[in-house]
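Below: the structure, in structure tokens.
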Number of protein chains: 2
Amino acid sequence: MDKNWDDLRIFLALARGGTLTTAAKALGVSHPTVSRRVQVLEKQIGARLFDRLPDRFVPTSAGEELLADTEAMEKAAQSIHRRSAGLSDTVSGTVRLSAEEATAALIARYSAELRSKLQQIEFEVVSSHTLANLSRREADLLIREQVPELHGIVARKLGRLAYAIYAARSLPVKKTTPAALAALPWVGFDDDHLRMQGQSWLLEFRGGRRPEIRGNNWLVLHEAARTGAGLAVLPCHLADPDPMLRRVGGVIPDVFADQWLLVHRDLRALPRVRAVMDAVIALFQRERPLLEGRS
Amino acid sequence: MDKNWDDLRIFLALARGGTLTTAAKALGVSHPTVSRRVQVLEKQIGARLFDRLPDRFVPTSAGEELLADTEAMEKAAQSIHRRSAGLSDTVSGTVRLSAEEATAALIARYSAELRSKLQQIEFEVVSSHTLANLSRREADLLIREQVPELHGIVARKLGRLAYAIYAARSLPVKKTTPAALAALPWVGFDDDHLRMQGQSWLLEFRGGRRPEIRGNNWLVLHEAARTGAGLAVLPCHLADPDPMLRRVGGVIPDVFADQWLLVHRDLRALPRVRAVMDAVIALFQRERPLLEGRS
DNA sequence: TTGTCCATGTTCAGAATTGTACAGCGGGCT
DNA sequence: AGCCCGCTGTACAATTCTGAACATGGACAA
């Protein structure tokens, strides 16, 4: 077959994963892409390769016939991959990832695990709010809440962070009516950071009263909240794993933060940058329940 | 390597062909595409795969290392191709190709050869000037001189036909000055077909005098010219192979006809249509000297 | 029964890729 | 020496592909 070999890679992933979504995750593409690519392949081959059952895709007998050869292609491709690692010294090196503190903390929490996968790659995780360092190559990758309209930047959506109210287990909260909660002491951002998630919500919730303990980053807020200084709106991924905190009520629907992975177009093809991107994307996919407050 | 397998197919073609142009022809893509795809692969792998000598591309030792595995991928892909032929009944069937008479004659001349390559595919070559039959599915493929701006039609340039003055070997042409030639009898299109190639050139060449023998298609003109009825402007691919004709002077620079292969977007993916397209494209590439009057 | 979660299908805007056309260079032939 | 042909590189317009977003449906748990 002298047509596109890459559609066979998609075919194999769907045969193994059984669903468009699972295949898409394994391939690092979107589920509509998997669907379209398989449809194109079926049209080119002139045979249906999958039966669509209610809950999964199953290879037809035609599809089964092609699996062995496609797996042979995969073996050869993997051999090329391993040989490539030996050919190049760009698979090692340093990748700098910049994220806002709470997200940086999340990444840092999994850094040992990421390193076990990324082997020769060292990466630095730094806290930063600005974009300047992507253009000036002070960071290779950024995680941000909006996509800047800058030339040469490409964005990939990682997911959405959820927020909820948390209290220290040591802080007695007898009544959880809004009025009762509003009357308690709170931890929050200072006036220079009112745009941070949950702060405008909190001001409205408390009828305009500012938090009694104020800081300028999530880690400060987290520390204050967990030691009983007051209630706080915190990102779920930060607070739910903390045994000293407990959630008060559910996820706040109006408070969330999208997370976008930003990279300069030219860097994306570098193997070490690509590897870190893939690892970060996989991490956000796997930890999606935690990020969305559903763990 | 879980990246695009298809870049390896391009890599292999260039390793074998040695030039971007040769690889492009083998792959059915353009030479800038081959260049870009190899550059992307080199960037992803992080190693140079080819040395660029003055007259050819030669694999580096890194490139050599990847060749065996890439050939293994190709073997598996070819096995898939063969199995696909067995799976599908759409590789056989009929493909209708419509072209203007002279081009239809060209295709017909090679039809036995084309059939030997296309095996289970039967194709019909019909003479037609119109587009209606592509939209009404009266033809699957068209060869035309312009690309219509119609929804859903995609075009691929086949090449350019050259034209020259021809005389029958039996027709004495003692002097070849423009004046002497203009004074001789000529074969040409009738007044309804003055837009055909070479006709407005001929009118100007003869100071407005119409051809003495007039017809409404190339085959009529060809037949009249070859039997000595008069001089004619004919497409080189039609006249050069005819032993009864000889060229008078060179290719006429101002007289040419681009040939575009037109197909409906949806049909292009069908294996039998794709196969005929590829065969026609290859035919025009191989016969380019004949078409351009350089054989 | 209702709500939540996961999956697929569809649409559209944006990004990526491709082919055409052209320029320039080198080699070979006349 | 000049011309022609083949090749590569580049620019730009057109085409193709992709992902985000949203709607819908089904399954499962409370």
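This one's a predicted model, so the numbers in the text were calculated from it and none came from an experiment.
The nearest whole Å value for the distance from the CZ atom in B/Arg37 to the C1' atom in C/dT18 is 10 Å. The separation between A/Leu262 atom CG and C/dA15 atom P is 13 Å, rounded to whole Å. Computed from coordinates, the B/Met277 CE to C/dG19 P distance equals 11 Å when rounded to whole Å. Rounded to an integer number of Å, the gap from CG of A/Leu20 to P of C/dT10 is 12 Å. One atom, CD1 of B/Ile281, and another, C1' of C/dT18, lie 14 Å apart when rounded to the nearest Å. Remark: C1' of C/dC22 and NZ of B/Lys157 are 12 Å apart, rounded to the nearest angstrom. The distance from atom CZ of A/Arg160 to atom P of C/dC5 is 14 Å, rounded to the nearest whole Å. Rounded to a whole Å, the CZ atom of A/Phe50 is 12 Å from the P atom of C/dT8.
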Side chain to side chain contact (heavy atoms under 4.5 Å, CB included), that's the test. Do B/Arg36 and B/Thr33 meet it? Break it down for me. CA-CA 5 Å; B/Arg36 281 188 292 253; B/Thr33 294; 3.8 Å; yes
Side chain to side chain contact (heavy atoms under 4.5 Å, CB included) between B/Arg37 and B/Val29, worked out: CA-CA 11 Å; B/Arg37 294 280 295 273; B/Val29 299; over 6 Å; no
Apply side chain to side chain contact (heavy atoms under 4.5 Å, CB included) to A/Phe284 and A/Ile107, showing your working. CA-CA 9 Å; A/Phe284 272 76; A/Ile107 302 287; 4.0 Å; yes
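Nucleic acid contact for A/Ser30: base, since at least one base atom lies under 4.0 Å from a heavy atom of the residue. Among the heavy atoms of the strands lying under 4.0 Å from A/Arg36 is at least one base atom, whether or not backbone atoms are also near.
When the shell of 6.0 Å around CZ of A/Arg274 is examined, it contains more than 12 heavy atoms from other residues, nucleotides or ligands.
Using a 4.0 Å cut-off between charged side-chain N and carboxylate O, A/Arg195 and A/Glu145 make no salt bridge.
Residues B/Ser98 and B/Arg144 have side chains that bring a donor and an acceptor to within less than 3.5 angstrom of each other.
Close approach of DNA chain D to chain B, defined as any atom under 4.0 Å from a non-hydrogen atom of the protein, starts and stops at D/dC5 to D/dT16.
Comparing A/Gln39 and A/Arg288 by the nucleotide of DNA chain C that holds the closest heavy atom to each, the one mapping nearer the 5' end is A/Arg288. Comparing B/Leu14 and A/Trp260 by the nucleotide of DNA chain D whose heavy atom lies nearest to each, the residue mapping closer to the 5' end is B/Leu14.
Each of B/Val276, B/Val154, B/Ile143 was compared with B/Leu261 under the side-chain contact (heavy atoms from CB on, under 4.5 Å) criterion, and only B/Ile143 meets it.
Listed nucleotides: C/dT8, C/dA16, C/dA21. Nearest to the side chain of A/Val154: C/dA16.
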